[in-house]
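Model, not experiment: these values are computed from the prediction.
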Amino acid sequence: MSGHWTTQPYKFERLDADKAILLIVDHQLGLLQLVKDYTTAEFRNNILAHAELGKLFNLPVVMTTSAETGPNGPLPKEITEMYPDAPFIKRNGEVNAWDNPDFRAAVEATGRRQIILGGIVTEVCTMFLALSLREAGYSVWANTEASGTATPKLAEDANRRMEGAGVHLTGLFGVSMFLMKDWRNTPGTEEVLPFLDKYFPAYGIVARAHGSAKQSGDIVPGELPLLG
């Protein structure tokens, strides 16, 4: 037997808006208080951005909460008002959302096999569901910016375990670019730039600076050599 060994060639799986579903998992007001790996302002922005991906890219959305009448609390009204007609599964006991038959049925009813999810907390609500979805044969993209927990160490451990199970780890900008694919598409520049300006201000500033320069800018001395 030869001492040589081979590996399967890598296949790049692309996230596709026509094949994807967005899951909003336990982004509850009480649980938000557990998140310490992001500031409150950052994480609030992140979960609202995660939710709005569904509207921007016309994705099916399923929302779920865990024991929301207790300390975990409800979803922010900004999220529920985005999707008044979307399936909203209020779990009363199951820690892992996949263990709830109504939630599982809502996901399966979409007929889609690519899952985008974020949840609180990362090592429970996000990881348990992501691993269960992988076991069920789904492709999973965990939005790491829309998943939060008590410490960076807990997030690192959960992300490492998810990655080992084949979960794709990425953030808001990565998910957005996967779904858009080409700035000339629809949604494209016209729709995506305002979304990024709202939720990813660093890129919004890039667009604003370029627009301002084109609209009313002048080349100043010493600038021309920098432009090649």
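S147 and T122 share no donor-acceptor pair across their side chains, judged by distance under 3.5 Å alone.
Under a hydrophobic-cluster definition in which Ile, Leu, Val, Met, Phe, Trp and Tyr are linked whenever side-chain heavy atoms come within less than 4.5 Å, directly or via other members, L131 and L154 are assigned to different clusters. Following chains of ILVMFWY side-chain contacts shorter than 4.5 Å, one cannot reach F173 starting from V206, and the two form parts of different hydrophobic clusters. By the criterion of side-chain heavy atoms lying less than 4.5 angstrom apart, applied directly or through intervening Ile, Leu, Val, Met, Phe, Trp or Tyr residues, L29 is grouped together with L75 in one hydrophobic cluster.
For the salt bridge (Lys or Arg N to Asp or Glu O under 4.0 Å) condition, the pairs that include at least one residue of residues 17-41, sequence neighbours left out, are D26-R91. Residue pairs meeting the salt bridge (Lys or Arg N to Asp or Glu O under 4.0 Å) criterion with at least one partner in residues 66-76, sequence neighbours excluded, are E68-K90. For the salt bridge (Lys or Arg N to Asp or Glu O under 4.0 Å) condition, the pairs that include at least one residue of residues 158-180, sequence neighbours left out, are D157-R160. The salt bridge (Lys or Arg N to Asp or Glu O under 4.0 Å) contacts involving residues 164-186 comprise D182-R184, where partners must be two or more places apart or lie in separate chains.
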| message | Using side-chain contact (heavy atoms from CB on, under 4.5 Å), reason through I79 and I24 one step at a time and then give a plain yes or no. | response | CA-CA 9 Å; I79 293 177; I24 298 168; 3.9 Å; yes
| message | Quick one, L193 with Y203, criterion side-chain contact (heavy atoms from CB on, under 4.5 Å). Give me CA distance, side-chain angles, the key distance, then yes/no. | response | CA-CA 8 Å; L193 281 181; Y203 200 88; 3.7 Å; yes
| request: Please test L56 against V192 for side-chain contact (heavy atoms from CB on, under 4.5 Å), starting from the C-alpha separation and ending with a verdict. | output: CA-CA 8 Å; L56 179 61; V192 175; 4.3 Å; yes
| said: For a side-chain contact (heavy atoms from CB on, under 4.5 Å) check, start with the C-alpha distance between R113 and I21, then their side-chain angles and the critical distance, and finish with the verdict. | reply: CA-CA 8 Å; R113 304 296 296 178; I21 174 177; over 6 Å; no
| query | Would E145 and N46 satisfy side chain to side chain donor-acceptor pair (under 3.5 Å), going step by step from the backbone distance to the final call? | reply | CA-CA 6 Å; E145 291 183 299; N46 293 353; 4.9 Å; no
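Considering every non-hydrogen atom in both H50 and L117, the closest pair reads CE1-C, 3.6 Å. Across every non-hydrogen atom of A86 and V61, the tightest pair is CB-O, 3.5 Å.
A donor-acceptor pair under 3.5 Å is formed between the side chain of N96 and the backbone N or O of W98. Checked by atom type and distance alone, the side chain of N100 pairs as donor or acceptor with a backbone atom of F103 at under 3.5 Å. When atom types are taken as modelled, the side chain of N159 and the backbone of A155 share a donor-acceptor pair closer than 3.5 angstrom. With hydrogens and angles ignored, the 3.5 Å screen pairs no side-chain donor or acceptor of T149 with any backbone N or O of V121. Using a distance-only test at 3.5 Å, with no hydrogens or angles considered, no donor-acceptor pair links the side chain of Y138 to the main chain of A130. The backbone N or O of S139 sits nowhere less than 3.5 Å from a side-chain atom of E13 that would complete a donor-acceptor pair. In this structure, S212 contributes its side chain and A209 its backbone to no donor-acceptor pair below 3.5 Å. Between the side chain of T144 and the main chain of T170, a donor-acceptor pair closer than 3.5 Å is present. Proximity of a side-chain donor or acceptor of H210 to a complementary backbone N or O of I205 within less than 3.5 Å is not detected. In this structure a side-chain-to-backbone donor-acceptor pair under 3.5 Å is missing from D102 to I89.
Side-chain contact check for P74 versus T65: every heavy-atom pair is 4.5 Å or farther apart. In this structure, M180 and P187 have side chains that are not in contact, with every pair of non-hydrogen atoms separated by 4.5 Å or more.
Here the straight-line distance linking atom CG of L227 with atom CD1 of I219 works out to 5.0 Å at 0.5 Å rounding. For the atom pair CH2 (W183) and OG1 (T189), the distance works out to 6.0 Å, reported to the nearest 0.5 Å. How far CD of E78 is from CD1 of I47: 8.5 Å, rounded to the nearest 0.5 Å. Separation of atoms CZ (F178) and CG (L53) is listed at 13.0 Å; rounding is to 0.5 Å. Between the CG atom in N72 and the SG atom in C125 there is a gap of 8.0 Å [rounded to 0.5 Å].
Looking at residues two or more places apart in sequence or on another chain, you find a salt bridge (Lys or Arg N to Asp or Glu O under 4.0 Å) between E52 and K198. For R134, there are no salt bridge (Lys or Arg N to Asp or Glu O under 4.0 Å) partners, not counting sequence neighbours.
Between W141 and H168, the two ring planes are parallel [angle under 30°; tilted spans 30° to 60°].
Between E123 and K153 no salt bridge is recorded (no basic side-chain N to carboxylate O distance below 4.0 Å).
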